[in-house]
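The structure under discussion appears below in the form of structure tokens.
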Amino acid sequence: MAHALHVQVPIDLSRHKGWVGGLLERALGATAGSRSAPDFEALGVELKTIPISRTGRPRESTFLTSIAPRTLADERWPTSTVRSKLARVLWVPIEASPDIPLGRRRVGSPLLWSPSAEEDRALSDDFELLRRSVSEGWLDGVTAHAGQFLQVRPKGKNAAARRWTPDPDGDESPARPRGFYLRARFTAGVLARHYHPASLS
DNA sequence: TTTTGATCATCC
DNA sequence: GGATGATCAAAA
């Protein structure tokens, strides 16, 4: 695929972490670039590549969106940024065992997905929990341990990055920038329900 | 082995 | 610096 698009294949992803995602964007004609819009704007579809281990499970969590605490405080799940990002996703599984050279990794059958009622409910619960903590100023108290499927993790230049953020005193102080991520447990469920329905109870 | 916290490239 | 795209690597 890279060859067909005249794109150089890096030796590894350590300094090219978004390379696979970018390649699929080019191959499929994603239109949004670095703007905050769905990858396929006219279709309202978000493209997400998902690295798959030898055992067929996602190797990584999935980044959704960064957190602006003041904005998040006024959000509610039905109209939230997180939910809109997940409204319609094209999941593209990609082989990602470290021992498979980058240029040899296969692309799996993609899945055009929208959350089921149950999935939406589960995410809603996590979202409300996390939103409350952040809104009350406890951003630095929210760790990646919170949330069954949705979690809050650092998303910044490095560990030293800081942004002015509301704190519990009603004041504001510098806090590390964070974002919402989908746990691998969740995407594993999505793929299993679609590709291996017989394996589920 | 799995998960959390840290990090990297590019575009604007 | 923060949006996009994610994976790396230390800790649990």
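In what follows, chains carry the letters A, B, and so on, assigned in the order in which the sequence lines appear, proteins first and then strands, with residues in each chain numbered from 1.
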Can you check the [X] [atom1] to [N] [atom2] distance for me, whole Å?
{"X": "A:Asn158", "N": "B:dC8", "atom1": "CG", "atom2": "P", "value": "8 Å"}
{"X": "A:Leu90", "N": "C:dG5", "atom1": "CG", "atom2": "P", "value": "13 Å"}
{"X": "A:Lys17", "N": "B:dT10", "atom1": "NZ", "atom2": "P", "value": "13 Å"}
{"X": "A:Glu25", "N": "B:dT10", "atom1": "CD", "atom2": "C1'", "value": "11 Å"}
{"X": "A:Phe63", "N": "B:dA9", "atom1": "CZ", "atom2": "P", "value": "18 Å"}
{"X": "A:Arg162", "N": "B:dT7", "atom1": "CZ", "atom2": "P", "value": "11 Å"}
{"X": "A:Arg105", "N": "C:dT7", "atom1": "CZ", "atom2": "C1'", "value": "10 Å"}
{"X": "A:Arg15", "N": "C:dT7", "atom1": "CZ", "atom2": "C1'", "value": "13 Å"}

For [X], which residues count as a side-chain hydrogen bond (donor to acceptor under 3.5 Å, both in side chains) partner, sequence neighbours excluded?
{"X": "A:Thr81", "result": "A:Glu75"}
{"X": "A:Ser114", "result": "none"}
{"X": "A:Arg76", "result": "none"}
{"X": "A:Glu136", "result": "none"}

Checklist entry - How does the hydrophobic cluster around A:Tyr181 look, that is, which other residues are in it when side-chain heavy atoms under 4.5 Å mark a link? => result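 In the cluster with A:Tyr181 are A:Phe63.
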
Donor-acceptor pairs are to be reported for all side-chain atoms of residues 2-13 of chain A against protein atoms at under 3.5 Å, with residues two or more places apart or in another chain.
{"unit_1": "A:Asp12", "atom_1": "OD1", "unit_2": "A:Ser14", "atom_2": "N", "d": "2.8"}
{"unit_1": "A:Asp12", "atom_1": "OD1", "unit_2": "A:Ser14", "atom_2": "OG", "d": "2.6"}

Checklist entry - Is the closest basic N to carboxylate O distance between A:Glu172 and A:Arg70 below 4.0 Å? => result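 A:Arg70 and A:Glu172: salt-bridged.
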
Next on the checklist: Quick check on DNA chain B: between A:His16 and A:Tyr181, whose nearest nucleotide comes earlier from the 5' end?
Outcome noted: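 Final value for this comparison: A:Tyr181.
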
Next on the checklist: For a quick test of reading the model: is some side-chain N or O of A:Ser14 closer than 4.0 Å to OP1 or OP2 of C:dT7?
Outcome noted: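 False: A:Ser14 side-chain N/O out of range (4.0 Å or more) of C:dT7 OP1/OP2.
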
Checklist entry - Does A:Ser66 have a side-chain nitrogen or oxygen under 4.0 Å from the phosphate oxygens OP1 or OP2 of C:dA3? => result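 Indeed, a polar side-chain atom of A:Ser66 lies that close.
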
Checklist entry - Base, sugar-phosphate, or nothing for A:Pro177, non-hydrogen atoms under 4.0 angstrom? => result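 Nothing, no nucleic acid heavy atom in range.
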
Checklist entry - Under 4.0 angstrom, heavy atoms only, what part of the nucleic acid is A:Gly18 near: base, sugar-phosphate, or nothing? => result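 Answer is base: heavy atoms of A:Gly18 come under 4.0 Å of a base.
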
Next on the checklist: Let me check the geometry of the helix from B:dT1-C:dA12 to B:dC12-C:dG1. What is the bend angle between the axes at its two ends, five pairs each, to 10°?
Outcome noted: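 End axes: 30° apart.
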
Checklist entry - What residues form a salt bridge (charged side-chain N to carboxylate O under 4.0 Å, His left out) with A:Arg104, not counting sequence neighbours? => result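 Listed in chain order: nothing, the list is empty.
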
Next on the checklist: Quick check: any donor-acceptor pair below 3.5 Å linking the side-chain of A:Lys157 to the base of B:dT7?
Outcome noted: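 Side chain to base: no pair present.
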
Item to check | B:dT7 base / A:Lys155 side chain donor-acceptor hit below 3.5 Å | outcome: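 Answer is no: no donor-acceptor pair is held.
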
Item to check | Residue pairs passing the side chain to side chain donor-acceptor pair (under 3.5 Å) test where at least one lies in residues 82-94 of chain A, sequence neighbours excluded | outcome: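 Passing the test, one end in residues 82-94 of chain A: A:Arg83-A:Asp120.
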
Checklist entry - In residues 76-89 of chain A, which residues come under 4.0 Å of DNA chain C by heavy atom? => result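 Per residue number, the list reads A:Lys85.
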
Identify all pairs in which a protein N or O lies below 3.5 Å from an N or O of nucleotides 1-5 of chain B, and state each distance.
{"unit_1": "B:dT4", "atom_1": "OP1", "unit_2": "A:Ala144", "atom_2": "O", "d": "3.0"}
{"unit_1": "B:dT4", "atom_1": "OP1", "unit_2": "A:Arg183", "atom_2": "NH1", "d": "3.0"}
{"unit_1": "B:dT4", "atom_1": "OP1", "unit_2": "A:Arg183", "atom_2": "NH2", "d": "3.0"}
{"unit_1": "B:dT4", "atom_1": "OP2", "unit_2": "A:Gln151", "atom_2": "NE2", "d": "3.0"}
{"unit_1": "B:dT4", "atom_1": "OP2", "unit_2": "A:Arg183", "atom_2": "NH1", "d": "2.7"}
{"unit_1": "B:dG5", "atom_1": "OP2", "unit_2": "A:Ala144", "atom_2": "N", "d": "2.9"}
{"unit_1": "B:dG5", "atom_1": "N7", "unit_2": "A:Arg153", "atom_2": "NE", "d": "2.8"}
{"unit_1": "B:dG5", "atom_1": "O6", "unit_2": "A:Arg153", "atom_2": "NH2", "d": "2.8"}

Checklist entry - Taking the side chain from A:Arg185 and the backbone from A:Leu182, do they hold a donor-acceptor pair closer than 3.5 Å? => result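 Not at all, since once roles are kept as given, no pair shorter than 3.5 Å links the two residues.
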
Checklist entry - Considering residues at least two apart in sequence or located in another chain, which fulfil the side chain to side chain contact (heavy atoms under 4.5 Å, CB included) criterion with A:Arg59? => result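 Expected list: A:Pro51, A:Ser53, A:Ala96, A:Pro98.
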
Checklist entry - In terms of the nearest nucleotide of DNA chain C, which residue is placed more toward the 5' end: A:Leu47 or A:Ile67? => result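 Residue closer to the 5' terminus by nearest nucleotide: A:Ile67.
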
Next on the checklist: Less than 3.5 Å apart, any donor N or O on the side chain of A:Arg193 or A:Ser116 sitting next to an acceptor on the other?
Outcome noted: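 Note: A:Arg193 and A:Ser116 side chains miss the donor-acceptor criterion.
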
